[in-house]
There are 2 protein chains.
Amino acid sequence: MTGTRPPAPEGERPTATRRARPAYDPSSLVEVAARVFNERGYDATSMEDLSAAAGITKSSFYHHVRGKEALLRAALERALDGLFGILDEPAATTGTPLARLRHIVRRQVEVLVGELPHVTLLLRLRGNTETERWALGRRREFDAAIASLVREASAAGELRAGLDPAVDARLLSGLVNSLVEWYRPGRVPVDELVAEVDRMAFEGLLAQGPAGDGRRA
Amino acid sequence: MTGTRPPAPEGERPTATRRARPAYDPSSLVEVAARVFNERGYDATSMEDLSAAAGITKSSFYHHVRGKEALLRAALERALDGLFGILDEPAATTGTPLARLRHIVRRQVEVLVGELPHVTLLLRLRGNTETERWALGRRREFDAAIASLVREASAAGELRAGLDPAVDARLLSGLVNSLVEWYRPGRVPVDELVAEVDRMAFEGLLAQGPAGDGRRA
DNA sequence: ACCGCAGTCGAACGATCGTTCGGTCGGCCG
DNA sequence: CGGCCGACCGAACGATCGTTCGACTGCGGT
């Protein structure tokens with residue numbers, strides 16, 4: 001990476017002595033790391049970047065953290081715990097397939113927003129290390145659960161007939177997951193976002209019911 | 001990157017002598033590079049990886065290309081040319097806002113599929129170098145054009161009323177762009193894919209018209 | 001007053017990165 | 001046939017990477 005860095009958004013280290021024992025608990029460092037990982041990309045982020053964002057030197061940073069990959073793993077675990085937690089909720093296991101699917105989608109939006117940095121990290125993995133491949137596998141499990149629910153709802157006639165439920169499931173997951181690429185807390189309230197995603201996914205953008213210029217390619 | 005690499009999908013170099021002048025034209029090397037960039041991620045990809053995928057040594061590779069960033073730039077230009085080409089098509093500049101928007105979305109799917117590796121690269125940029133930031137700026141222009149069209153269509157009453165057109169535009173772009181995360185040529189025909197994305201975006205997944213359990217958060 | 005220890009740091013480790021250089025090989029043109 | 005030149009390669013460059021090490025500091029407990 002020869003090019004210059006984007007304007008560094010972090011890194012101010014209080015003037016001289018850092019006597020205050022700021023108690024760097026592991027979870028807060030994971031949060032800092034996840035944020036910087038997302039700004040620069042995991043591979044482009046150096047331990048120097050991370051320690052500077054935490055306000056200490058690289059060697060001090062290692063006193064609190066096992067290493068770069070351990071930070072990644074911790075962040076990914078937090079994301080996956082949030083996502084799989086949804087599948088255990090009562091509303092995700094009872095009712096019609098469509099009702100369950102719709103609940104999961106809405107909750108998935110909430111978890112995405114609540115754990116934004118960690119989920120973002122999860123959705124950008126490439127699988128270069130064993131840790132990344134493990135997380136990718138878990139993520140595939142989650143997507144498979146949704147795909148299975150879409151298939152059920154489609155078989156039950158609860159979804160518009162016609163095309164491939166597997167493709168629909170991919171598009172649905174893609175729609176929800178794309179949030180991490182632009183959503184930032186504050187601008188749009190979470191419940192509004194949930195309503196928008198739900199409407200877009202299940203009712204579409206069009207004004208009238210079935211009309212449009214409904215042509216086929 | 002201390003971890004092991006994912007199973008290397010390329011790199012066989014014909015046994016000994018490579019006397020055949022395989023004519024490594026620049027554009028084919030860009031294609032190879034884009035593919036490997038997407039597999040490993042740009043930063044995690046070494047010039048050794050690239051040259052091995054091309055079937056020559058690292059130093060030979062430099063005889064054909066200017067450097068890593070030049071390869072990235074070439075691939076991104078190809079992606080951006082394809083996308084911006086859509087905006088110049090007649091059907092993208094005449095007709096109602098909704099008709100124009102719908103045409104652009106369908107064509108965008110086709111370009112995404114036709115230039116899959118290059119567009120994928122574009123959609124994963126982090127902005128660490130000047131080249132990346134330039135491409136990100138161009139991409140923002142494209143998204144802004146779509147957002148503006150969504151706003152027009154919404155103001156003309158062609159879209160379901162209620163919520164934020166800016167959010168709708170983000171969701172629409174996110175839905176289309178998410179294709180690069182799973183679509184691979186062969187499985188699903190392109191025209192089917194176009195129809196699916198169009199239907200999902202504008203009509204939604206639901207079976208009946210406005211019904212569902214249409215609750216709000 | 002003393003000690004232990006968590007916290008911090010500068011310096012350095014080997015590895016790998018993108019890139020460059022000097023030189024060899026062999027087909028092609030004159 | 002002689003020489004040129006594009007294709008190719010091994011070796012090495014300085015820079016930066018993740019990580020380790022030894023030493024210093026100052027607070028809390030005894």
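Owing to the predicted nature of the structure, the values given are computational and were not obtained by experimental measurement. A, B, ... follow the sequence lines: proteins, then strands. Residue 1 opens every chain.
- Atom pair B:Y62:OH and C:dG22:P shows a separation of 17 Å (rounding to whole Å applied).
- Distance, A:E48 CD to C:dC9 C1': 12 Å, rounded to whole Å.
- Counting to the nearest Å, the C1' atom of C:dC17 and the CG atom of B:N128 are 15 Å from each other.
- Using a 4.0 Å cut-off between charged nitrogen and carboxylate oxygen, A:E132 and A:R124 do not count as a salt-bridge pair.
- Comparing D:dC8, D:dT19, C:dT19 against the side chain of B:S60 picks out D:dC8 as the nearest.
- B:H63 has no side-chain polar atom (N or O) that falls below the 4.0 Å cut-off from OP1 or OP2 of D:dC9.
- Considering only residues two or more places apart in sequence or on other chains, B:Y183 meets the ring pair (Phe, Tyr, Trp, His ring centres under 6.0 Å) condition with none of them.
- The CZ-C1' distance, from A:R66 to D:dT19, rounds to 13 Å in whole Å.
- For residues 107-133 of chain A, there are no ring pair (Phe, Tyr, Trp, His ring centres under 6.0 Å) pairs, not counting sequence neighbours.
- Between C:dT8 and A:H64, a contact under 4.0 Å exists linking OP1 or OP2 to a side-chain N or O.
- Of the listed nucleotides (D:dC9, D:dT19, C:dT8), C:dT8 has the atom at the smallest distance from the side chain of A:I56.
- Whole-Å rounding puts the B:L71 CG to C:dG18 P distance at 11 Å.
- A donor-acceptor contact under 3.5 angstrom links the side-chain atoms of B:S59 to the base of D:dG10.
- Relative to the six-membered ring of A:W182, A:R187 misses at least one condition, a distance below 6.0 Å or an angle of at most 45° to the axis.
- Regarding B:M47, its CE atom lies at a distance of 12 Å from the C1' atom of C:dT20, rounded to whole Å.
- Between B:R73 atom CZ and C:dG18 atom P the separation is 19 Å, expressed in whole Å.
- Atom pair B:F61:CZ and D:dG6:P shows a separation of 19 Å (rounding to whole Å applied).
- Residues B:R106 and B:E110 are not paired through a salt bridge, judged by the lack of any N-O separation under 4.0 Å between the basic side chain and the carboxylate.
- Side-chain atoms of A:K68 stay outside donor-acceptor range of the base of D:dT19, with no qualifying N/O pair under 3.5 Å.
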